[in-house]
Each structure stands twice: as C-alpha cells, then as structure tokens.
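Below: the structure, in structure tokens.
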2 protein chains.
Amino acid sequence: MGKLALKLFRECLPVFQTLSDPNRQDILLLLHENGPLPVNELTSKLSLSRPAVSHHLKLLLQAGLVSCEQQGTQRHYSLSLEASVTMLRELISVVEEECLPKFDTTIPAKEARL
Amino acid sequence: MGKLALKLFRECLPVFQTLSDPNRQDILLLLHENGPLPVNELTSKLSLSRPAVSHHLKLLLQAGLVSCEQQGTQRHYSLSLEASVTMLRELISVVEEECLPKFDTTIPAKEARL
DNA sequence: TTGAAAGGTTTAAAAATTTAAACCCTTTAA
DNA sequence: TTAAAGGGTTTAAATTTTTAAACCTTTCAA
C-alpha cells in the first residue's frame with residue numbers, strides 16, 4: 001500500500017537530491033540547449049571552476065541524469081533523462097492515486113445530464 | 001523555448017530540496033498513512049527530536065507540501081500535495097516534449113503495414 | 001619524447017543543513 | 001491563577017555540501 005509509495009520516494013531520492021541545486025539544473029539546461037558538451041565548454045558558460053563543474057557532473061552521472069562519451073582527449077556529456085523521468089512519472093501516478101483527494105469521475109445518469 | 005524549462009525547473013526547486021531528505025519523505029508518508037497528525041505524534045513515530053520534526057515541518061510548509069490547522073493546543077499537519085504534483089507534472093511534460101529523444105509516431109503508409 | 005590540452009582527484013576551507021538542548025509562548029484544565 | 005500540555009524558536013555543535021587551488025593522468029600533435 002503506502003509501501004509502494006515509500007519505495008518510489010526512496011528510488012527518486014538521488015534525482016531529488018541532484019535536481020535540488022540550481023547549478024546542476026543549469027548544466028542540464030545547457031546540455032539541452034547545446035547538445036553534448038565537454039567540461040571546458042560547460043565551465044566557460046557557468047561562473048564555476050572546472051573542478052566544481054566536474055564534481056557536479058559526477059553527481060549527475062551517479063544519478064543517471066547525464067551520460068558521458070570519451071572522444072579523444074575530450075569527454076562529451078549529454079542528457080539522459082529517460083529513466084529518471086519514468087521514475088518520477090511512476091511516483092507521481094502513485095501519489096495521485098493514493099494521496100490526492102479524489103474527485104467524482106462517475107458519469108451522471110442520463111436524466112441528470114441537463 | 002528552453003526558457004520555459006528553466007522556469008519550471010526553478011519553480012520546482014523547493015519541492016526537490018524538500019523531497020531530497022528521507023526524514024521529510026517519512027513525514028509525508030506518515031501523514032498519508034495516518035491522516036492529519038500533531039507534532040508529538042509524528043515525533044513518537046520518527047526517531048527524531050521534536051525540534052527537528054518541527055524544523056522539517058516548517059520546510060514542508062514553506063514548500064507547500066503540507067498544511068497545518070490549529071485545534072486547541074494542537075496543530076494538525078496534513079498533506080497538501082496537489083499544487084506540487086501539478087508543478088512536477090508540468091515540468092515532466094515539458095522535459096518529455098523538449099528533452100527526450102522522440103520516437104516516430106507517424107502512421108506508416110497502408111502498403112507498408114504488412 | 002616533449003609539451004600542451006582536457007579533465008579527473010585530493011585537499012582544505014567556506015557555507016549550508018541537520019540536530020537536540022534549553023528556552024519561551026499559548027491554550028486549557030484544575 | 002496556576003500548572004501542565006503542545007509546540008515554535010534560539011543556539012551551538014556536528015555533519016554534509018560546495019568550492020577552488022594544487023596536483024596528477026591521459027591523449028595527441030610536433
């Protein structure tokens with residue numbers, strides 16, 4: 001019952017933690033607007049040091065929100081939001097089913113509909 | 001364009017921040033399973049001190065995830081997930097539309113369908 | 001085979017979060 | 001009008017997070 005909700009909330013914890021920082025949100029948006037980018041490109045767009053950007057990318061990687069592909073000396077980071085979005089959708093569905101006040105969805109009898 | 005995504009990400013920041021802590025998730029689940037509860041009830045179910053619970057409730061209130069009703073000397077906290085869920089849904093919709101690889105939804109020509 | 005470019009890691013400091021003890025303010029029952 | 005119950009706030013300590021400087025590794029071009 002609420003057991004499923006707990007499981008889903010816990011599964012989404014890393015996503016919530018990762019998305020709860022504006023710099024990391026900005027990284028995601030930059031990757032969205034520019035496509036895959038290497039670390040130095042991101043750094044130049046972000047008023048953060050490279051180690052800081054690198055650190056946030058590590059967290060984003062761990063949470064599965066971005067992926068990384070080595071290309072020669074560069075590493076191109078790109079969005080991989082599919083899995084996380086799916087998890088959030090599931091959580092939201094369960095919350096809507098279990099935790100939200102239900103409104104009446106029954107169809108009124110013919111005579112009652114005007 | 002990505003301007004909308006940014007706006008929605010930022011709007012959801014307090015929700016992400018609030019949900020990124022297991023104790024706060026637990027409070028939400030307790031309220032879900034038990035209905036509205038006063039602070040002491042929550043504390044007794046939570047291996048946390050009352051000030052800590054009170055603090056987390058304050059954050060949950062600020063993020064709009066719970067509401068509070070005074071009843072005599074007690075304050076009953078209850079879930080109010082509607083607005084947050086709506087915000088998350090919107091964010092997810094935009095992310096799905098803008099940021100996820102689209103799969104082909106066109107209907108193949110008649111001759112091509114077997 | 002050097003050297004420069006790209007980028008991860010270690011470290012240490014600064015900032016934010018989390019927590020509980022101590023304290024204070026209401027409300028209500030005696 | 002006290003006393004006790006319920007609960008916020010303040011404070012200070014502990015922990016975690018964030019950041020950048022210094023350092024190290026790998027790749028590739030000269």
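To find a chain, count down the sequence lines: A is the first, B the second, and so on, and within it residues start at 1. Quick caveat, the model's predicted, so the values are computed rather than measured.
Residue A:N40 places at least one side-chain N or O closer than 4.0 Å to OP1 or OP2 of C:dG7. At C:dG8, one or more side-chain N or O atoms of A:Y77 fall inside 4.0 Å of OP1 or OP2 (strictly under the cut-off). Under 4.0 angstrom from either OP1 or OP2 of C:dT17 there lies no side-chain N or O belonging to B:N23.
Here the nucleotide nearest the side chain of A:R75, chosen from D:dG7, D:dT19, C:dG8, is C:dG8. Here the side chain of B:K58 is nearest to one of C:dT18, D:dT9, D:dA20, namely D:dT9. Candidate nucleotides D:dT19, C:dG7, D:dT18 were compared by shortest atom distance to the side chain of A:V39, and C:dG7 ranks first. Nearest to the side-chain atoms of B:P51 among the listed nucleotides C:dA20, D:dT18, D:dA20 stands C:dA20.
A:L42 places its CG atom 14 Å from the P atom of D:dT19, with the value rounded to the nearest Å. For the pair A:H55 NE2 and C:dA12 P, the computed distance is 17 Å after rounding to whole Å. Atom CD in A:Q17 sits roughly 19 Å away from atom P in C:dA16 (whole-Å rounding).
A residue-by-residue look at A:R50 and A:R24 shows that A:R24 has its nearest nucleotide of DNA chain D further toward the 5' end. Taking the nucleotide of DNA chain D with the nearest heavy atom to each of A:S20 and B:L37, the more 5' of the two is matched to B:L37.
Within 6.0 Å of the CD atom in A:E69, the count of heavy atoms belonging to other residues, nucleotides or ligands does not exceed 12.
No single ILVMFWY cluster, assembled from side-chain heavy atoms under 4.5 Å apart, contains both B:L13 and A:L48.
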Using the 3.5 Å cut-off, write out each protein N or O paired with an N or O of nucleotides 24-30 of chain D and the distance between them.
none

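Within the nucleic acid shown, A:H56 comes within 4.0 Å of sugar-phosphate atoms alone, with no base atom in reach, counting heavy atoms only.
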